[in-house]
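Note that this is a predicted model, so its numbers are computed, not measured. Residue numbers begin at 1 in each chain, while the letters A, B, ... track the order of the sequences.
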Amino acid sequence: MKIYNSLSGQKEEFKPAGEVVKIYVCGITPYDDSHIGHAMSYVIFDVVRRYLEYRNFKVKYIQNFTDIDDKIINRANRLGIPAKELADRFIERYFRDMDSLNIRRADSYPRVTEEIPEIIKVVQGLIDRGHAYQAGGSVYFRVKSDPDYGKLSHRNPEGISGDTAEENKESALDFALWKASQEGEPSWESPWGAGRPGWHIECTAMALKYLGTTIDIHGGGEDLVFPHHENEIAQSECYTGKKPFASIWMHNGMVQLGKEKMSKSLGNIIPIKDLLNIHSADAIRLFIINSHYRSPLTYSEEGLDAAEKGLERLRQAALKNTDSATNQSEINITDYRQRFITAMDDDFGTPQAVATLFDLAREINKGREEHRDISQAQQTLTELANILGLTLAKKEDALLEANPFIELLITLRNDLRAAKQWQLADKIRSSLTELGIILEDSPQGTTWKSKK
RNA sequence: GGCGAUGUGGCCAAGAGGUUAAGGCGGGGGUCUGCAAAACCCCUAUUCGGCGGUUCGAAUCCGCCCGUCGCCUCCA
């Protein structure tokens with residue numbers, strides 16, 4: 001099994017260091033609703049985890065919440081509520097969105113504000129080793145003390161301008177590990193006075209605490225490569241003296257909205273909850289995994305509609321019952337399963353894995369027409385879809401208050417049909433269609449569904 | 001400006017030296033139906049941004065050009 005490693009820029013054979021595959025994925029800063037970009041990232045790492053488990057790896061999956069930072073503080077102050085209350089609110093919403101998307105929960109979700117002692121320990125350790133220094137009430141990481149700095153983002157430190165806003169620093173490249181407390185901000189006591197953690201240090205502290213000095217896979221969005229992950233590597237490796245901090249760095253591409261990246265700073269965000277009002281979770285997932293995780297994903301309504309339609313085919317193939325088989329020839333499930341595995345083993349080739357699902361669906365449909373026994377093939381289709389986090393569950397039609405009246409009209413119309421009063425029967429059907437109720441006649445009777 | 005991606009049919013999207021260029025949507029044809037709808041089946045790129053080069057052979061490798069995007073500041 002091969003995985004592309006951002007650190008080396010190549011696909012590498014995946015071999016976890018121990019019995020359990022240790023995965024750390026950067027989580028969110030909870031100050032606003034989660035959007036499609038988050039959905040993409042976490043769906044992808046959910047698939048990574050599910051697939052590894054399918055391949056009989058044991059997985060420990062940790063994801064953090066950066067629940068204290070400038071954006072949270074500013075937003076909370078504007079709303080006149082404590083930072084913790086704001087973070088709690090959006091963490092709760094985050095879980096609701098992710099659960100809706102059928103994303104399995106991580107084994108643990110450490111929060112920065114609950115890991116302060118661990119963070120202080122790491123910062124102190126970095127000072128002791130000469131990799132960090134105190135200035136004012138803050139502590140900064142000394143970038144020039146790390147000869148490896150830049151290895152993940154493939155940059156030369158000389159080519160990085162750095163942030164010159166904080167004037168106590170030895171160098172513009174240095175970044176805060178601990179920030180001195182300011183008026184109106186939550187703070188914690190530390191050997192350097194009251195303050196709060198800098199942005200990158202929490203991931204180092206949490207990864208070390210929950211997973212140990214070497215993790216197998218570290219994931220996140222491509223936009224985190226620099227500076228976040230670069231700084232994380234520097235801190236972690238300088239602190240433990242052990243390399244690599246993470247064996248494989250996986251980064252997913254960005255969601256594009258039209259021609260630009262969707263991001264909070266550009267304000268062009270589509271919240272997951274809005275999307276879930278229109279599309280099924282399965283369709284959103286299919287839309288995401290239908291292209292490769294490292295490529296940018298362009299959001300489009302058409303794309304989601306297409307995913308919804310395609311998904312319906314898979315559902316039909318997997319769920320639709322068949323008459324008793326009279327034809328003994330079976331579908332060769334092994335071939336499809338093998339294709340699926342081959343695709344996924346090559347850096348999580350979900351587009352090809354999905355293509356395999358569609359091919360299997362066609363084979364099932366053909367088999368059904370030929371009265372072959374398709375039950376095993378259907379089971380396989382569902383099983384493989386599940387690995388991608390697709391449930392293929394039947395859509396539940398919402399119960400409408402008009403329900404009994406629709407049933408009444410259908411009965412009436414069927415009486416008219418029996419009497420071959422086609423014109424009147426069709427009028428009922430077309431009138432209902434205009435109201436968003438679609439009738440479908442079949443040998444088993446008439447069914448209806450709302451258009452939505 | 002520096003670093004890095006990427007350009008494949010109407011749209012989305014795989015493939016990365018060699019039999020017929022995956023798959024989805026759309027479109028066309030058909031089965032079923034009183035007619036529809038739904039569902040299913042079949043068909044739908046001699047060609048891979050442009051121009052050169054390497055090779056017996058290139059969408060796949062090399063060079064140049066054109067276009068698009070990301071990162072270099074907070075971001076999944």
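Here A:Trp422 counts as stacked on B:G34: its ring centre is under 5.5 angstrom from the base ring centre and the planes meet at under 30°.
Contact between the side-chain N/O atoms of A:Asn365 and the OP1/OP2 oxygens of B:C41 is found at a separation under 4.0 Å. OP1 or OP2 of B:C42 has at least one side-chain nitrogen or oxygen of A:Lys366 nearer than 4.0 Å. Contact annotation: A:Ser295 side-chain N/O to B:A14 OP1/OP2 distance is under 4.0 Å. Phosphate contact (OP1/OP2 of B:A36, side-chain N/O of A:Arg429, threshold under 4.0 Å): absent. OP1 or OP2 of B:A39 has not a single side-chain nitrogen or oxygen of A:Arg368 nearer than 4.0 Å. For B:G15, one of the phosphate oxygens OP1 or OP2 lies less than 4.0 angstrom from a side-chain nitrogen or oxygen of A:Gln352.
For the pair A:Arg294 CZ and B:U6 P, the interatomic distance rounds to 8 Å; values are reported in whole Å. Taking atom OH on A:Tyr149 and atom C1' on B:C72, their separation rounds to 11 Å, with Å as the unit. Summarising the geometry, the separation between OH on A:Tyr4 and P on B:A14 is reported as 15 Å, rounded to the nearest angstrom.
Base contact: A:Arg413 has a heavy atom under 4.0 Å from a base atom. Among the atoms of the strands shown, none is found under 4.0 Å from any heavy atom of A:Glu302.
Contact of A:Arg417 with B:G34 (side chain to base): a donor-acceptor pair of N or O atoms is detected under 3.5 Å.
Place A:Ala361 and A:Tyr42 on RNA chain B by their nearest nucleotides, and A:Ala361 ends up nearer the 5' end.
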